[in-house]
Amino acid sequence: MADHKISTLLKGDIPLGETVTVKGWIRTRRDSKAGLSFIQIHDGTCFDPIQAVAQSDLPNFAEVVQKLSAGCCVICTGELVESQGKGQSREIQVASIEVPGWVQDPETYPMQPKRHSMEFLREMAHLRPRTNIIGAATRVRNCLAQATHRFFHENKFYWIHTPIITTSDAEGAGEAFRISTLDLANPPRDDKGGIDFSQDFFGRETFLTVSGQLNVEAYCCAMTRVYTFGPTFRAENSNTSRHLSEFWMIEPELAFADLNDDADLAEQYLHYIFKAVLDEHPDDMAFFAKHVEPTAITRLENFVEKSFERMDYSEAIKALEKSGRKFEFPVTWGMDLQSEHERYLCEELCERPVVVMNYPKEIKAFYMRLNDDEKTVAAMDVLAPGIGEIIGGSQREERLEVLDARIKEMGLEPDVYWWYRDLRKYGTVPHAGFGLGFDRAVNYATGIKNIRDVIPFPRAPKSADF
RNA sequence: UCCUCGGUAGCUCAAUGGUAGAGCAUUCGGCUGUUAACCGAAAUGUUGUAGGUUCAAGUCCUACCCGAGGAGCCA
């Protein structure tokens with residue numbers, strides 16, 4: 001007999017009276033010595049577990065049912081019936097139950113039916129998917145990922161599998177992890193005494209990618225609309241609730257587009273994926289609203305309904321100056337916006353996501369398009385209340401001579417970017433794109449504060465267990 | 001990397017420099033169509049690590065390790 005997913009059984013599509021089989025793990029067991037055992041079984045397919053009721057006349061009641069504890073893996077068959085108790089509409093009247101996996105020594109099983117600290121759960125990264133909160137976060141994360149692909153597919157973007165291994169760390173996005181098969185204890189040396197990377201696996205220095213942008217631009221200049229969605233690696237010593245050493249980034253790139261088109265895309269995209277969560281995961285969101293962040297649902301509804309505020313960097317500076325606030329970092333034109341400034345703009349001034357556009361060129365990357373004022377570049381950051389910068393993007397410099405000037409201005413070596421420059425030589429096109437921290441989007445959707453709690457097996461400085 | 005705070009039972013937390021505690025979990029008993037059940041009992045400790053001060057250190061001092069919040073870097 002085919003087994004049933006708990007989500008299907010609880011939804012009510014299966015008629016009462018039918019014999020069903022569920023396969024999953026025990027959350028709790030509550031006993032009645034009068035002859036009943038109530039067993040909560042979950043299988044990850046939805047927030048709620050299903051209740052299985054075992055009567056004492058089952059042949060294995062004493063030896064099996066009475067010994068079930070949290071975490072046991074069970075296969076349970078019985079009649080789907082209307083529940084006599086409160087708290088659930090339907091339940092399973094157990095006809096047979098078997099246990100493929102007992103919990104050895106229940107005393108040592110760390111997952112208790114109570115609230116654990118997020119720090120403790122992080123140390124139990126292999127068992128925490130069995131909890132309400134991580135289970136819900138896992139489903140929401142999946143929903144956001146599926147919605148991402150759906151959104152881009154519906155809008156004629158191609159998913160480009162840009163390489164994980166890159167040959168340059170000069171992409172201007174932070175420190176990279178080196179990849180090498182050289183003998184660390186005794187590496188080959190060149191005639192200057194440096195390490196001879198020509199003898200390394202790829203015959204040159206290689207790193208884990210810090211961004212797929214440069215590569216995806218090449219595909220953009222042929223396929224028109226493209227995006228990347230994959231793991232990204234930064235070897236920064238960042239110890240915050242918003243940074244990971246390994247995280248997932250989404251980088252769309254669209255041709256025949258300027259900065260405003262880019263901001264439009266960012267807004268449509270975020271609206272789309274957060275609406276998907278609201279539509280598809282009301283149970284999980286209700287849990288987050290109850291136990292994690294009281295405004296989880298309302299602020300997401302707000303986010304989806306309201307358009308983003310847009311302002312130039314220069315306007316943002318004026319607004320900060322006029323705020324009458326005493327900021328720790330004084331506000332002057334030309335500085336980079338600090339966290340406190342970003343928070344004021346989106347949380348207090350506008351009370352909604354804010355797109356800040358056209359930053360001073362000195363504080364932005366070489367590939368961002370120089371504006372006509374020659375002081376600013378067509379860059380944008382999307383700032384979300386409660387989470388800060390969630391998107392960073394720009395219109396790309398499509399004019400070769402301007403790009404070369406910018407590369408030199410920043411002390412970089414044009415030859416390194418030979419193929420990137422080729423894109424400007426051969427049929428260049430105005431284009432724009434952005435990078436979105438996927439894990440930060442999961443933080444925002446769930447209300448979970450720490451990025452290490454929305455990704456399976458987080459990697460961060462001094463932290464790569466499991 | 002910097003600043004601040006923290007580390008005590010499996011978990012969440014108490015404990016004026018003077019005998020190491022509670023709730024939950026676990027085990028046992030009772031009760032109940034139960035709902036993170038309830039009632040009673042039992043068992044549970046190298047107080048992060050290494051030094052130091054003191055008659056006496058969970059508590060004070062030093063160093064280190066780990067964690068949290070904030071900052072920087074960014075997504």
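To find a chain, count down the sequence lines: A is the first, B the second, and so on, and within it residues start at 1.
Of the candidate nucleotides B:G33, B:C11, B:A71, B:A71 has the atom lying nearest to any side-chain atom of A:N239. Among the nucleotides B:A37, B:C74, B:A68, the one closest to the side chain of A:E389 is B:C74. For A:Q51, counting side-chain heavy atoms from C-beta on, the closest listed nucleotide (B:G72, B:G67, B:U35) is B:U35. The A:S241 side chain lies nearest to B:G69 when the options are B:G69, B:A71, B:U12. Closest contact between the side chain of A:N237 and the listed nucleotides B:G72, B:U1, B:A71 involves B:U1. Listed nucleotides: B:C73, B:A71, B:G69. Nearest to the side chain of A:E236: B:C73. The nucleotide whose nearest atom lies closest to any side-chain atom of A:R234 is, among B:C74, B:G72, B:A37, B:C74. Comparing B:G33, B:A71, B:C66 against the side chain of A:Q338 picks out B:A71 as the nearest. Nearest nucleotide to the side chain of A:R122, out of B:U1, B:A68, B:G72: B:A68. Distance from the side chain of A:H243 is smallest for B:C74 among the nucleotides B:A71, B:U35, B:C74.
In this model, the phosphate group of B:G69 is approached by a side-chain N or O of A:N450 to a distance below 4.0 Å at OP1 or OP2. Taking 4.0 angstrom as the limit, A:R242 places none of its side-chain polar atoms (N or O) nearer than this to OP1 or OP2 of B:C73. Phosphate proximity of B:G69 to A:R452: absent, as no side-chain N or O sits under 4.0 Å from OP1 or OP2. Proximity of A:T28 to the phosphate of B:A36: no side-chain N or O atom is located under 4.0 Å from OP1 or OP2. Between A:S339 and B:G72 there is a side-chain N or O to OP1 or OP2 distance below 4.0 Å.
Using N1 to N3 plus N6-O4 or O6-N4 for Watson-Crick, or N1-O2 and O6-N3 for G-U wobble, each under 3.5 Å, B:C55 pairs with B:G18. Nucleotide B:A9 is matched to nothing when pairs are restricted to Watson-Crick or G-U wobble geometry with both distances under 3.5 angstrom. Taking a pair to require two hydrogen-bonding distances under 3.5 Å in either a Watson-Crick or a G-U wobble arrangement, B:U62 pairs with B:A50. Base pairing analysis places B:U4 opposite B:A68; the two distances defining the Watson-Crick or G-U wobble pair are each below 3.5 Å. Remark: B:A41 base-pairs with B:U27; criterion is Watson-Crick or G-U wobble with both hydrogen-bond distances under 3.5 Å. Under the Watson-Crick and G-U wobble criteria, each requiring two contacts below 3.5 Å, nucleotide B:A36 is left unpaired.
In this structure, the separation between OG1 on A:T131 and CE on A:M111 is 7.0 Å, given to the nearest 0.5 Å. Of the inter-residue distances, the one linking A:Y367 atom OH with A:L403 atom CG reads 12.0 Å to the nearest 0.5 angstrom.
A:R29 has its CZ atom 17 Å from the P atom of B:U32, to the nearest Å. Nucleotide B:G10 holds its P atom 22 Å from the CZ atom of A:R128, rounded to whole Å. What separates CZ of A:R30 from C1' of B:C39 is a distance of 17 Å, to the nearest Å. Here the P atom of nucleotide B:U35 and the CD atom of A:Q84 are 15 Å apart, to the nearest Å. For A:D336 and B:A71, the CG to C1' distance is 14 Å, given to the nearest whole Å. Atoms CD (A:Q104) and P (B:U27) sit 15 Å apart, rounded to a whole Å. One can place CD1 of A:I26 at 20 Å from P of B:U34, the figure rounded to the nearest angstrom. What separates CZ of A:F327 from C1' of B:A71 is a distance of 16 Å, to the nearest Å.
Nucleic acid contact class of A:S69 (heavy atoms, under 4.0 Å, all strands): none. Heavy atoms of A:F120 sit under 4.0 angstrom from primed sugar atoms or phosphate atoms, though from no base atom. Looking at heavy-atom distances under 4.0 Å, A:E91 makes contact with a base. Backbone-only contact: A:I391 has heavy atoms under 4.0 Å from sugar-phosphate atoms and none from a base.
RNA chain B is contacted by both A:I390 and A:K462; A:K462 maps to the nucleotide lying nearer its 5′ end (nearest heavy atom per residue). Residue A:A70 is the one, among A:Q93 and A:A70, whose nearest nucleotide of RNA chain B lies closer to the 5' end (criterion: closest heavy atom).
Across all their heavy atoms, A:I390 and A:A384 have their closest contact at CG2-CB, 4.3 Å. When all heavy atoms are compared, the tightest approach of A:V65 to A:A54 is CG1-CB, 3.9 Å. In terms of heavy atoms, A:S394 sits closest to A:A379 at CB-CA, 3.9 Å.
B:U12 and B:G67 are spaced 15 Å apart, taking the P atom of each and rounding to whole Å. Going from the C1' atom of B:C74 to that of B:G58 covers 41 Å, rounded to whole Å. Between B:C13 and B:U8, the two C1' atoms lie 9 Å apart (nearest whole Å). Taking atom C1' on both nucleotides, B:A43 is separated from B:G48 by 25 Å, rounded to a whole Å. One P atom belongs to B:U49, the other to B:G10, and the distance between them is 13 Å to the nearest Å. Comparing the P positions of B:G7 and B:C61 gives an interatomic distance of 13 Å, to the nearest angstrom. A distance of about 40 Å separates the P atoms of B:U19 and B:A36, rounded to the whole Å. Nucleotides B:C5 and B:U47 have their P atoms positioned 24 Å apart, rounded to a whole Å.
Between the base of B:G6 and the side chain of A:E119 there is no donor-acceptor pair shorter than 3.5 Å. One donor-acceptor pair, N or O on each side, does fall under 3.5 Å between the base of B:U34 and the side chain of A:Q88. No donor-acceptor contact under 3.5 Å links the side chain of A:H116 to the base of B:C11. A donor-acceptor contact under 3.5 Å links the side chain of A:S238 to the base of B:C73.
One N or O on the side chain of A:T138 and one on the backbone of A:I134 form a donor-acceptor pair closer than 3.5 Å.
Salt bridge absent: A:D43 and A:K5 never bring a charged side-chain N and a carboxylate O closer than 4.0 Å.
The local environment of CD in A:Q104 is sparse, with at most 12 non-hydrogen atoms from other residues, nucleotides or ligands closer than 6.0 Å.
If you check the side chains of A:R150 and A:T148, you find no donor sitting under 3.5 Å from an acceptor.
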